[in-house]
Amino acid sequence: MLELQRIRNEKEAVLEGLKKRNIDATATITKLLEVDQEWRLSKAELEGISAELNQIAKEIGDLFKQGKQEEANAAKSKTADLKEKESTLKTKVDGLDAEMTQLLYQLPNVPNELVPAGKNELDNITVLEVGSKRIYDFEAVPHWDLAKKYDLIDFELGVKITGAGFPIYKGKGAKLQRALIAFFLEEAEKAGYEEFIPPLVVNEASGYGTGQLPDKEGQMYYVNEDDLYLIPTAEVPLTNIYRDVILPSEDFSIKMTGYTPCFRREAGSYGKDVRGLNRLHQFDKVEIVRIEHPSNSEKALEEMIDHVKGLLEKLGLHYRILRLCGGDTGFASAMTYDFEVYSAAQEKWLEVSSVSRFDTFQSTRLKLRFKTADKKTQLCHTLNGSALALPRIVASLLENHQTPEGVIVPEALRKYTGFDIIN
RNA sequence: GGAGAGAUGGCAGAGCGGUUGAAUGCACCGGUCUUGAAAACCGGCGUACCGAGAGGUAUCGGGGGUUCGAAUCCCUCUCUCUCCGCCA
């Protein structure tokens with residue numbers, strides 16, 4: 001959620017920034033400022049009346065103490081009118097307040113100055129490409145066929161047990177999952193991230209905290225009986241650890257990591273994009289989350305990017321990094337870098353990681369703050385990234401490391417898998 | 001699932017319907033003392049919003065009610081704890 005203060009003070013800059021998302025927020029913001037203006041006036045009036053009532057109540061108390069019953073009772077009669085006004089104004093102020101919140105929820109984050117304007121993925125900027133497309137001297141096979149050939153993943157069996165999008169990993173396929181998770185966690189630990197194992201279901205407040213609610217309500221699985229949501233990413237429980245927290249000093253840098261399964265309804269997906277491991281309802285992911293002083297979030301983002309680069313390089317994957325354009329940047333994000341690995345077999349780039357800085361967009365909702373040296377409270381910045389999500393990494397590994405003899409396991413992974421080839 | 005108890009400031013823990021935004025202790029910050037530290041003593045110490053400021057308002061789990069006045073009374077929801085049952 002954008003800070004109201006910022007919209008008041010930098011209206012033009014906010015509008016200009018949102019244009020990069022192809023959003024003309026003029027109407028919303030004009031309305032918002034109107035409501036805000038009225039809210040402030042009404043609130044001032046309300047508080048004046050409350051003050052008056054408080055004053056009278058105090059006087060009545062004193063009169064009773066002095067035994068002046070009659071005067072006290074006389075004073076009581078003065079309040080009826082004020083109470084009536086107070087009640088009306090209270091309703092009005094609450095209504096305006098709710099209206100502002102509603103309007104604020106509609107506004108996405110303002111993109112960072114580096115974010116290019118643009119509509120969709122075509123406008124993203126490739127900032128780096130490492131490696132080159134592999135040339136095959138045989139027909140490259142897509143991962144879903146490889147998974148079948150080597151009996152690694154059974155998609156049909158998953159349909160039987162649960163439904164489409166819930167694959168069953170078996171044998172070396174299962175072990176590869178476990179190896180990747182261990183590898184990613186250990187790399188994160190080496191980079192200074194503390195490991196957490198959070199709950200896989202969260203309450204409503206947590207959903208609002210990181211911005212999944214109310215924007216993406218339909219994307220999460222919902223447990224009606226207990227009013228809980230299955231997490232779509234470890235970002236939700238990990239970041240919410242710091243909901244309603246005021247860090248005691250401005251000297252902090254919180255680095256968390258966690259492996260969790262992730263659950264996404266993916267309503268609206270269809271066709272080729274969902275083939276094989278490309279899009280699942282349940283998948284595994286190691287997430288990295290950071291909570292930073294505003295002055296450090298730029299550096300933190302760089303570090304996270306370097307971390308993900310390191311992972312992909314250790315896995316021997318050819319990849320590129322995109323700086324997403326305004327239109328492709330997520331609702332809550334101020335700037336997002338996507339990592340994509342090229343799949344020759346599918347003849348397309350697969351998104352394997354997304355690293356974002358949210359600035360104060362999440363911490364506004366989370367009420368995540370820190371104390372400055374002069375004892376003021378100030379909002380923290382939050383960031384997060386996948387490091388990494390498994391399915392498309394598995395797809396990439398299978399497709400890019402395939403040989404006629406089998407799939408070669410990257411060196412870095414072997415100590416976790418215990419085997420060096422899948423055949 | 002059944003029965004009971006409870007929810008107050010960073011923590012612990014008082015609180016009669018009327019200067020209680022809230023005693024007290026601990027923690028924390030500043031100071032005095034000390035060569036330094038500890039101890040002792042003095043002072044400070046929640047959050048949010050409105051306001052240029054003075055100041056005002058709200059907040060004792062959430063919501064509603066009674067009252068001139070609610071942390072204190074009533075209703076309701078949520079959560080926590082204890083015991084019993086069930087179970088990994």
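Note that these values count all heavy atoms, side chains included, but never hydrogens, waters or copies made by symmetry. Chain naming here is simple, since letters A, B, ... match the order of the sequence lines and numbering starts at 1 in each.
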Are [X] and [N] close enough that a side-chain N or O sits under 4.0 Å from OP1 or OP2?
{"X": "Arg40(A)", "N": "rU57(B)", "answer": "no"}
{"X": "Lys375(A)", "N": "rG46(B)", "answer": "no"}
{"X": "Asn54(A)", "N": "rG56(B)", "answer": "no"}

If the [atom1] atom of [N] is compared with that of [M], how far apart are they to the nearest Å?
{"N": "rG43(B)", "M": "rA58(B)", "atom1": "P", "answer": "30 Å"}
{"N": "rC87(B)", "M": "rA48(B)", "atom1": "C1'", "answer": "45 Å"}
{"N": "rG62(B)", "M": "rA14(B)", "atom1": "C1'", "answer": "24 Å"}
{"N": "rC45(B)", "M": "rC11(B)", "atom1": "C1'", "answer": "14 Å"}
{"N": "rG2(B)", "M": "rC75(B)", "atom1": "C1'", "answer": "24 Å"}
{"N": "rU32(B)", "M": "rU80(B)", "atom1": "C1'", "answer": "45 Å"}
{"N": "rG9(B)", "M": "rG13(B)", "atom1": "C1'", "answer": "11 Å"}
{"N": "rC29(B)", "M": "rA88(B)", "atom1": "C1'", "answer": "49 Å"}

Please check this pair: side chain of [X] against backbone of [Y], looking for a donor-acceptor N/O pair closer than 3.5 Å.
{"X": "Asn22(A)", "Y": "Gly118(A)", "value": "yes"}
{"X": "Asn240(A)", "Y": "Ser206(A)", "value": "yes"}
{"X": "Arg392(A)", "Y": "Glu351(A)", "value": "yes"}
{"X": "Asp154(A)", "Y": "Glu156(A)", "value": "yes"}

My understanding is that a pair needs two contacts under 3.5 Å, Watson-Crick or G-U wobble. By that rule, which nucleotide pairs with [N]?
{"N": "rU57(B)", "result": "rA48(B)"}
{"N": "rA70(B)", "result": "none"}
{"N": "rG4(B)", "result": "rC81(B)"}
{"N": "rG43(B)", "result": "rC29(B)"}
{"N": "rU20(B)", "result": "none"}
{"N": "rU35(B)", "result": "none"}

Please report, rounded to the nearest Å, how far the [atom2] atom of [N] is from the [atom1] atom of [X].
{"X": "Leu104(A)", "N": "rC49(B)", "atom1": "CG", "atom2": "C1'", "answer": "14 Å"}
{"X": "Glu47(A)", "N": "rA58(B)", "atom1": "CD", "atom2": "P", "answer": "8 Å"}
{"X": "Phe64(A)", "N": "rU19(B)", "atom1": "CZ", "atom2": "P", "answer": "14 Å"}
{"X": "Asp226(A)", "N": "rC79(B)", "atom1": "CG", "atom2": "C1'", "answer": "13 Å"}
{"X": "Gln378(A)", "N": "rA48(B)", "atom1": "CD", "atom2": "C1'", "answer": "16 Å"}
{"X": "Leu89(A)", "N": "rU57(B)", "atom1": "CG", "atom2": "C1'", "answer": "13 Å"}
{"X": "Arg369(A)", "N": "rG10(B)", "atom1": "CZ", "atom2": "P", "answer": "11 Å"}
{"X": "Lys58(A)", "N": "rG69(B)", "atom1": "NZ", "atom2": "C1'", "answer": "11 Å"}

Nearest 0.5 Å, what's the SG-CZ distance between Cys380(A) and Phe358(A)?
15.0 Å
Does NZ or CZ of Lys172(A) lie under 6.0 Å from the centre of the six-membered ring of Phe419(A), at an angle within 45° of the ring axis?
yes
Whichever of Glu52(A) and Asp62(A) has its nearest RNA chain B nucleotide further upstream toward 5':
Asp62(A)
Would you kindly compare Leu46(A) and Lys43(A) by the position of their nearest RNA chain B nucleotide and give the one closer to the 5′ end?
Lys43(A)
If you look at every strand shown and take non-hydrogen atoms under 4.0 Å, does [X] touch a base, only sugar-phosphate, or nothing?
{"X": "Ala51(A)", "value": "sugar-phosphate"}
{"X": "Thr377(A)", "value": "sugar-phosphate"}
{"X": "Ile60(A)", "value": "base"}

With distance as the sole criterion, is a donor-acceptor pair present between the side chains of Gln102(A) and Gln106(A) under 3.5 Å?
no
